[in-house]
Amino acid sequence: MDKLNTRFPPSPTGYLHVGGARTALFGFVMARKTGGQFVLRIEDTDRARHDESAVDKIIEDLNWLGITWDQGPDIGGENAPYRQSERLHVYCQYVQKLLAAGKAYYAFDTPEELDAMRTSAQKAKQNFRYPRPNPLPTVEDAERARDEGRPVVVRFLCPGQDVTICDDAFGDVTMPADQTDDFIIQKGDMYPTYHLANVIDDALMGVNYIMRGQEFLGQSWRHKLLREAMGFDEPGYCHLPLIMDVQGRKLSKRDGDVEVFAFRQAGYLPEAMINYLALLGWNPGNDIERFSMAELIELFTPERVGKTNAKFDRDKLLAFNTDAIAAASEDRLLEAFKDYLSINETPIPSDDDDLLRRILRANKGFRTFADIIAKSGILFDADAVIEYEPKAVKKWLAKGDGAGWVMLAELRGRLDDCEWTVEAIDQLIADICQQHDIGMGKVAQPIRVAVTGRAVSPSIGETLTFLGKEQTLLRIENCMAARPNER
RNA sequence: GGCCCCAUCAUCUAGUGGCCUAGGAUUCUGGCUUUUCAUGCCAGCAACCGGAGUUCGAGUCUCCGUGGGGUCACCA
């Protein structure tokens, strides 16, 4: 297979969302698979929507996912710079060339005039096409327009022919000539439009394979025509089916919770994210669904990219995360857990690796790191105000003439002399069970409710050792004194 | 509205004319395991958008409908 050089060209307007992440992933995988270069390029030609902090966020999210690049704004490379705002002179040169060759021309319509034309085209049920002036405006015309305060842009002189794109996922797609028109390539502020800058940079940076969302498929004719006009080679294409939200609409960045960072913060593992994302619009062609990044690189092929849009299914992602956690080594889990703690406010101390490992083991079966906090967080918060869940109190303490209260009182006394280790505590409870000839639940649950207010926590020995003897006894006494929701 | 693209369980999908009584995964339901929760294990429910063709034979090919999505920006 030839070396395929790919790129991910985000526009820095916010956090990376799952759609962008998948696009980046496939580009990365394709380059790695073929030994080509993967380029990260920042397409910041929209000065109005530009958000400088977004660049770092995107880079951080990409790194968290395990996606790396060979050339990019943070590491440089032979085709630097990798921010389009630093490459303006390049685009200007090409605009001048196109102008000189008669392949582009100045235009100075106001937004209002353009709107009016579009509206009337819409009314006539016609497709709007920019009416090319005849004769074409001269440089002098442009200067005069500028003096009059009109916006001056440069439009591409569209050759007006059918344009066929050869796409590895969608096959040959033809845009009829009557759907093409003279689009803008340089804006009034002298910045290039996406179409121009993107095409020039891809060519100059050696990108020969383009993977992007399907929303660009119907616009690729512009890029092909532009390349022909500038004498660039045509790259290969692989448009990706769109990722939709649950309602079936295209995912947008306004849906804050589809940001990659939101999942990182919610306690997901990047390997689960990668695995799930890879299966959105692609599959290996068999029943295998769980695989690592290395396996994905091995298995991936553009021919197996699908054509139908996919809805983002959180339930399935959660299931993948559960599996990824089960499959991860404790070292890996520890590393990821620390990352989770570093970006969240929790009562769990993040500097004691041994303790963290114990917490991980005590919470076996957790689906996200957030589950650990929900289940064990309160054990590490000495100032926690215990809120007794009425249902738990009723079931494990009050029920049966307050058998639970009686048990709790006995426990309070015997725990006092108990050595404070998991083994000793478990042994003590087992002894009590035997003496009274009752099940574990009857003994462990009353304590659990007393010290956490709920019926859920790690196994009782772990729960109490995490809490500490002093806190345990204190919370039991508090509970007995408060006698919450007695009835 | 013009144009482009798409169409298998609720969701992600396998399926490239007979191997399909349509497979896997997620969800859901039932059961088992378990000192709690979660995990895990087992079982079950559940789909070829409609209509015409082509063919001995169609989920798979063709056409027409219908439905969905995208795009028509001085946003990318």
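Here is the naming used below: chain letters follow the sequence lines, and residue numbers restart at 1 for every chain.
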- Task: May I ask you to verify if any side-chain N or O of R304(A) is less than 4.0 angstrom from the OP1 or OP2 atom of rG15(B)?
- Result: yes
- Is there a Watson-Crick or G-U wobble partner for rG44(B) with both distances under 3.5 Å, and if so, which one is it? rC28(B)
- Query: So what's rG67(B) paired with, Watson-Crick or G-U wobble, going by both distances under 3.5 Å?
  - Reply: rC6(B)
- Query: With both distances under 3.5 angstrom, what nucleotide forms a Watson-Crick or G-U wobble pair with rC37(B)?
  - Reply: none
- Could K364(A) and E462(A) be called an ion pair, given the rule that one side-chain N must be under 4.0 Å from one carboxylate O? no
- Query: Mind checking the P distance from rA14(B) to rU8(B)? Whole angstroms is fine.
  - Reply: 10 Å
- Residue pair R132(A) / D182(A): nearest heavy atoms and the distance that separates them: NE-OD2, 2.7 Å
- Message: Is it true that, when you exclude I288(A) itself, more than 12 heavy atoms of the residues, nucleotides or ligands shown sit nearer than 6.0 Å to its CD1?
- Response: no
- Value in whole Å for how far the C1' atom of rU11(B) lies from CG of N283(A): 15 Å
- Closest listed nucleotide, where the reference is the side chain of F170(A) and the choices are rC74(B), rA76(B), rC5(B): rC5(B)
- Considering the options F183(A), F156(A), Y194(A), Y237(A), which one meets the ring pair (Phe, Tyr, Trp, His ring centres under 6.0 Å) requirement together with H223(A)? Y194(A)
- Query: So, does the side chain of R454(A) form a donor-acceptor pair with the base of rU36(B) at under 3.5 Å?
  - Reply: no
- Please measure how far the P atom in rU60(B) lies from the corresponding atom in rC6(B), and state the result in whole Å. 16 Å
- Query: OP1, OP2 of rC37(B) versus side-chain N and O of K364(A): anything below 4.0 Å?
  - Reply: no
- Base, sugar-phosphate alone, or nothing: which one does G213(A) contact when heavy atoms must sit under 4.0 Å apart? nothing
- Message: rA73(B), OP1 or OP2 - any side-chain N/O from R222(A) closer than 4.0 Å?
- Response: no
- Could you walk me through whether Y276(A) and N321(A) pass the side chain to side chain contact (heavy atoms under 4.5 Å, CB included) check? CA-CA 9 Å; Y276(A) 176 68; N321(A) 202 59; over 6 Å; no
- Applying side-chain hydrogen bond (donor to acceptor under 3.5 Å, both in side chains), run through R448(A) and Q445(A) and close with a yes or a no. CA-CA 5 Å; R448(A) 207 184 308 270; Q445(A) 288 305 82; 2.6 Å; yes
- Classify the nucleic acid contact of P176(A) as base, sugar-phosphate or nothing, counting any heavy atom under 4.0 Å across all strands shown. sugar-phosphate
- Query: Start at the 5' end of RNA chain B and walk down; is the nucleotide closest to A319(A) or to G439(A) reached first?
  - Reply: A319(A)
- Could you please name the partner base of rC74(B), counting Watson-Crick and G-U wobble pairs only when both distances are under 3.5 Å? none
- Task: Let me know, please, whether R290(A) or Q122(A) comes out on the 5' side of the other along RNA chain B by nearest nucleotide.
- Result: Q122(A)
- Task: Would you classify P10(A) as touching base, sugar-phosphate or nothing, given that sugar-phosphate means primed atoms plus P, OP1 and OP2, and contacts are heavy atoms under 4.0 Å?
- Result: nothing
- Message: Using OP1 and OP2 only, check whether a side-chain N or O of T45(A) sits under 4.0 Å from rA76(B).
- Response: yes
- Message: Taking 4.0 Å as the cut-off, does a side-chain nitrogen or oxygen of Q214(A) come that near to OP1 or OP2 on rC6(B)?
- Response: no
- Option passing side-chain hydrogen bond (donor to acceptor under 3.5 Å, both in side chains) with S376(A) (candidates T463(A), D371(A), N363(A)): N363(A)
- Message: Please determine whether a side-chain nitrogen or oxygen atom of K307(A) lies at a distance below 4.0 Å from atom OP1 or OP2 of rU13(B).
- Response: no
- Write down the distance separating the P atoms in rU21(B) and rC28(B), rounded off to the nearest Å. 31 Å
- Of all the nucleotides listed (rC74(B), rA76(B), rU13(B)), which has the minimum atom distance to the side chain of V153(A)? rC74(B)
- Query: Counting side-chain heavy atoms from CB outward, which of rG2(B), rC4(B), rA76(B) is closest to N127(A)?
  - Reply: rG2(B)
- Whole-angstrom distance between rU62(B) and rU16(B), as gauged at atom C1': 16 Å
- Message: For the P atoms, the ones on rC49(B) and on rA58(B), what distance do you get once it is rounded to whole angstrom?
- Response: 16 Å
- Task: Select base, sugar-phosphate, or nothing to describe what E215(A) touches, counting heavy atoms under 4.0 Å on all strands.
- Result: sugar-phosphate
- So, is N309(A) near the phosphate of rG69(B), with a side-chain N or O under 4.0 Å from OP1 or OP2? no
